[in-house]
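We're numbering straight along the sequence, starting at 1.
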Amino acid sequence: MTNSRCYMNALQKKCRDMTNSELREMANDVDSDIGSLLYFSFINKASFETVEKHAALRGDSVPVSRRSFYRKRKQYIDMIERRQTAAGIA
C-alpha cells in the first residue's frame, strides 16, 4: 500500500508541518548513501526508474538495486509514519 499514489498524497499532506530538512535528515538516517534519492522519491512520488533518470541527468548513478531501493524507501516511509503517530497527527 505504501506505493499507492493516493496513499503517498495523503502522507505528504500529513507531513506539511515537517520541514524539508527534517525529511532529508530522516532519509539520510535510513541510508546516507541514497538519502537524497529517497527524499526525491518521496517528494515527487517518483519510481525507481524516475530516480535513476534524475540521477543520470546529474551524472550520477543509483548505488543500490531496485529491490534495495524500495526496501529503503519503505523504511523511510515507516519512519515518517512513526514520527507522525508520535506527534499525534496520524
query = Nearest 0.5 Å, what's the CG-CG distance between Leu37 and Asp60?
reply = 8.0 Å
note = For Gln12 and Asn44, the nearest pair of non-hydrogen atoms, with its separation, is NE2-N, 4.4 Å
inquiry  = Looking at every non-hydrogen atom in both residues, tell me the closest pair between Tyr39 and Ala27 and how far apart they are.
reply    = N-CB, 4.1 Å
ask   = So Phe42 and Tyr76, would you call those rings parallel, tilted or perpendicular, with 30° and 60° as cut-offs?
value = perpendicular
ask   = Should we say atom CZ of Arg67 is surrounded by more than 12 heavy atoms from elsewhere, each under 6.0 Å from it?
value = no
request  = Search all heavy atoms of Asp33 against all heavy atoms of Pro63 and return the closest pair with its distance.
outcome  = O-CG, 4.4 Å
remark   = CZ of Arg82 to CD of Gln75, rounded to nearest 0.5 Å, is 9.0 Å
inquiry  = Please report the interatomic distance CG(Leu38) to CG(Asn28), rounded to the nearest 0.5 Å.
reply    = 8.5 Å
Minimum side-chain heavy-atom gap Ser65-Tyr70 below 4.5 Å = no
request  = Would you mind reporting whether Asn9 and Lys45 have side-chain heavy atoms less than 4.5 Å apart?
outcome  = yes
query = Could you state the interatomic distance from NZ (Lys74) to CG (Asp78), rounded to the nearest 0.5 Å?
reply = 3.5 Å
query = Rounded to the nearest 0.5 Å, how far apart are CD of Glu25 and CE of Met18?
reply = 9.5 Å
query = Under 4.5 Å between any side-chain heavy atoms of Ser68 and Arg71, yes or no?
reply = yes
key: Contact check, side chains of Phe69 and Lys72, non-hydrogen atoms, under 4.5 Å   = no
